[in-house]
Amino acid sequence: MLLPLVAALLVRQPIDPQQPGVGAPSPDAAGPVISEPAPAPPPAPPEPEEVDRRKQTVVTSSRSERKLEDVVVATEVITRKQIEAVGARDLGQLLQQHPGVELVQTFRGTGMRLQGLDPEYVLILVDGERVSGRVGTTLDLGRFSLRDVERVEIVKGPAAALYGADAIGGVVNLITRHVQRPLELGARGTFGTLLEGDFRANAGTKQGPLEVRVGGGYRTRNPYDWVPADAATSGSGIRRIDGDVALAYAADDRSRLWLRSQYTFRDENAVDLNPSGAVLDRRQRQEQFDVSLGGRKQLPNETSLLVRGHFGLFRDQLLQDQRGSRALDDYSQNVNRLYEGVFQADHRVGNHALTGGIEVLGEQLTSARLEESPVGRIRGGAFLQDEWDVALSSDGSGPKLKVAPGFRFDLDSQFGGAPSPRLALKLDPIPALTVRASVGLGFRPPSFQEMYLRFTNQGIGYIVAGNRNLTAERSTAVNVGVDWRPPIDGWVFSASGFHTRLNNLINITAGGTPDPDNPVTFSYENVARAYTQGIEVNGRFRLPMRSTYLDLAYMLLDARDQTRNRPLEARSRHRVNAQLSTRYRPWNLEATVRGSWVSGRPYYLGTDGGMANVIGLEEREVWAPSYFDLEATVTYKLRGGFDVFVNSYNLLNAGDQQFNPRPPRGVLGGVQWEY
């Protein structure tokens, strides 16, 4: 009954094409992240009673539970305390200053790059499940509320051997909370610049083997504008409502059944100005519904079984309404359906920990912009990984080596078979030193938008049409990293290098110049080769002041389009991150200051300033200026579980209309309560 009801709800909430949109962008203040084993600044310094974070359990790098210190592929973790300490309201704001991450701001939302690879190469999961609803190639990070997130796990580099397509650049997995006590209550309210309000509440109970958790949130924000002289806005206004419910039954420590469902409603509005001077009110409505059912059973013979099913429904509506005319009015609606089923088995025998399984994924797109609607495809994948503890000494006291060969084979109804092997290893020559390395192949089939959809941008004056003849992109990637824990309490260093090569890269191709009154039609082609490579260096230092930490990170990126022999667009070559976090117990105060410096980025614009990165157009290279980003959060802990906090973001007011349309300087204050 639940699924038809929600499906009907989505169908009954169309945007009224006669209702003009009101334009307004949205502020994005993000938070730095803490990487383990490659550390990035932790927003809240660990307290003496905290468990060693290296003992923390993670799942993303191997699809099964492992201690963080034991994972073969480096995994970065952002804990719940760190999320709250920086005051992030969504996933994009949390990752704004994370080392190795670049956010991509477009009118379709905020995407993320990992190791220089665009959003379409980064797989985002919630509790291990895929999320439907990419708009173009971007899965908007603003859609992900952090209200019920226990931690965020990030794996950089090739992960296709376990997760298949779209995991060339890495995986980001949001792990939701489990109820631990008979009664859990929480609420958080934030209000500040741009009339931004963010209000969340959750409740949970654990009664014997039964767990129940419910939660909901509301967020609103006005638009912002870097160029007030014209009618256009730089960022969208937001109104978001979300809710979820989760049930779990755990008869004992060896079994668990769960049912989860969530619904998100998000409205954005903005004003666009096209080159001919026409003013367009843009309104975008996105609705997402997910339901999943699964179970895990631990058998007596060191075997664990997992069965899970997931359905996702995403509807995106876009209305462009020209002021004073109907000539450029446009309305579109796309509905994505995702069906996912997984069977996985984990088994330990001797020095080998085996993980294997079968995954079936179905996708369907319904849209009036398709020549034939709906379109769909089915992909089945089988995967197997062996984590082998190699004995290097007879008594186990010497160096330790783990080797993890993995292999996945996907069979796609449109593109046939695709193997994705990976070999990873972890060597601990001494307890204070860890070396990790991996090499793997990956692939990414074209999205439905790239193959079928006809997209019209009335604001600039062009049309992008899909190409049914596209083939899958292929990748080869190598990652190497070193972690060193010197004999100084609270100090950690890490360094890593990566190289990813892409073939059959999909680009937009065409000739001519965009004209708002006579739009040019562009298309997609497999025409490019590219690579990204670089190094990341991180250090964490415990300062002489008690409970005070300084975290520093540097990233060097070389990303090049080999077909056109030039740097890939919009990538900064240098990026520096720093964070200072402290706690003063006598006053119950916590403070976090984090900042980043981002070097200049190249952009390739048409001679009229529009349509970047299109083969065949006359274009000019423009470098966006470097910028500093700085923010600070102060929290005062009261009795009874109350916290009062103030967050100031973009303190140096970095940003501009064209290359960095992020929210201007702002301040937010709020109260949080947990029981």
Side-chain angles (χ1 to χ4, degrees), residues 1-10 59-60 63-65 123-133 143-145 147-151 153 162-164 171 173-180 202-216 242-264 287-299 303-315 335-346 355-364 376 378-383:
M1 294 294 294
L2 181 61
L3 180 58
L5 179 63
V6 175
L9 179 65
L10 296 182
V59 297
T60 307
R63 292 190 71 135
S64 55
E65 293 185 349
L123 180 61
I124 299 180
L125 308 172
V126 176
D127 289 325
E129 297 174 342
R130 288 173 176 260
V131 179
S132 62
R143 286 167 47 192
F144 296 90
S145 169
R147 172 173 43 82
D148 288 321
V149 174
E150 178 63 27
R151 67 184 186 272
E153 299 180 5
L162 289 177
Y163 293 99
V171 178
N173 194 3
L174 283 70
I175 309 298
T176 58
R177 304 163 105 176
H178 287 176
V179 182
Q180 304 291 336
N202 61 274
T205 181
K206 182 177 176 64
Q207 302 293 331
L210 182 64
E211 300 173 19
V212 181
R213 176 175 56 80
V214 296
D242 65 88
D244 66 87
V245 58
L247 307 175
Y249 182 84
D252 51 48
D253 293 338
R254 305 179 68 87
S255 62
R256 183 179 179 86
L257 297 173
W258 65 83
L259 172 66
R260 291 191 295 265
S261 180
Q262 70 90 26
Y263 172 73
T264 300
E287 298 166 271
Q288 180 178 340
F289 169 71
D290 289 275
V291 60
S292 61
L293 175 66
R296 181 184 290 276
K297 178 67 176 178
Q298 180 72 44
L299 303 179
T303 300
S304 175
L305 301 179
L306 168 69
V307 179
R308 185 179 71 224
H310 167 227
F311 170 75
L313 181 64
F314 177 78
R315 185 170 78 154
V335 178
N336 289 82
R337 293 175 175 85
L338 182 146
Y339 308 86
E340 183 180 19
V342 175
F343 171 78
Q344 180 178 318
D346 299 281
T355 298
I358 298 173
E359 184 174 21
V360 178
L361 182 69
E363 297 177 277
Q364 186 184 78
I378 298 176
R379 184 184 310 136
F383 58 90

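This one's a predicted model, so the numbers in the text were calculated from it and none came from an experiment.
Interatomic distance, Leu125 CG to Leu174 CG, rounded to the nearest 0.5 Å: 9.0 Å. Atoms CZ and CH2, from Arg213 and Trp258 in turn, are 13.0 Å apart once rounded to the nearest 0.5 Å. Expressed to the nearest 0.5 Å, how far CD of Gln364 lies from CG of Leu338 amounts to 11.0 Å. Note that CZ of Phe144 and CD of Gln288 are 6.5 Å apart. Values are rounded to the nearest 0.5 Å. A distance of 8.0 Å separates CZ in Phe289 from CG in Leu313, rounded to the nearest 0.5 Å. Atom OG1 of Thr303 sits about 7.0 Å away from atom CG of Leu305, to the nearest 0.5 Å.
Within a 6.0 Å sphere centred on CG of Leu299, other residues, nucleotides and ligands contribute more than 12 heavy atoms. For Leu210, the CG atom counts as densely surrounded, since its 6.0 Å shell holds more than 12 non-hydrogen atoms of other residues, nucleotides or ligands.
Residues forming a salt bridge (charged side-chain N to carboxylate O under 4.0 Å, His left out) with Glu153 (at least two apart in sequence, or on another chain): Arg151. The side-chain hydrogen bond (donor to acceptor under 3.5 Å, both in side chains) search around Gln180 returns none, not counting sequence neighbours. Listed by chain and number, the residues in a side chain to side chain contact (heavy atoms under 4.5 Å, CB included) with Ser64 are Ser62, Arg66, Gln344, Asp346, Thr355 (sequence neighbours excluded). For Phe343, there are no ring-ring contact (aromatic ring centres under 6.0 Å, His included) partners, not counting sequence neighbours. Among residues two or more places apart in sequence or in another chain, the salt bridge (charged side-chain N to carboxylate O under 4.0 Å, His left out) test is passed with Arg147 by Asp242, Asp244.
Taking all atoms of both residues into account, the shortest heavy-atom contact from Thr60 to Tyr163 is O-OH, 2.7 Å. Minimum interatomic distance between Val179 and Val212 (heavy atoms only, all atoms of both residues): CG2-O, 3.7 Å. The heavy-atom pair separating Phe314 from Gly133 by the smallest distance is CD2-CA, 3.2 Å. When all heavy atoms of Val131 and Arg143 are compared, the closest pair comes out as CG1-NH2, 3.8 Å. Of all the heavy atoms in Ser132 and Gly312, the pair that sits closest is OG-C, 4.1 Å. Nearest heavy-atom pair across Ser255 and Lys297 is CB-CD, 3.8 Å.
Among residues at least two apart or in separate chains, salt bridge (charged side-chain N to carboxylate O under 4.0 Å, His left out) pairs with a member in residues 245-263 are Asp127-Arg260, Glu211-Arg256.
For the residue pair Arg296 and Ser304, a side-chain donor N or O sits within less than 3.5 Å of a side-chain acceptor on the partner.
A donor-acceptor contact shorter than 3.5 Å is absent between the side chain of Asp290 and the backbone of Gln262.
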| task | For the pair Ile175 and Val59, evaluate side-chain contact (heavy atoms from CB on, under 4.5 Å) and give the outcome as yes or no after the intermediate values. | result | CA-CA 9 Å; Ile175 309 298; Val59 297; 4.0 Å; yes
| message | Go through it in stages, so that I can follow the logic: the residues are Asp148 and Asn202, the test is side-chain contact (heavy atoms from CB on, under 4.5 Å), and I'd like the CA-CA distance, side-chain angles, deciding distance and then a yes or no. | response | CA-CA 8 Å; Asp148 288 321; Asn202 61 274; 3.9 Å; yes
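Between Arg308 and Glu129 there is a salt bridge, since a side-chain N of the basic residue sits under 4.0 Å from a carboxylate O of the acidic one. Salt bridge annotation for Arg63-Glu359: present, with a cationic side-chain nitrogen under 4.0 angstrom from a carboxylate oxygen.
Note: Tyr339 and Phe311 meet the aromatic proximity criterion, with ring centroids under 6.0 Å apart.
Side-chain contact between Leu257 and Leu293 is absent, with no heavy atoms from C-beta onward closer than 4.5 Å.
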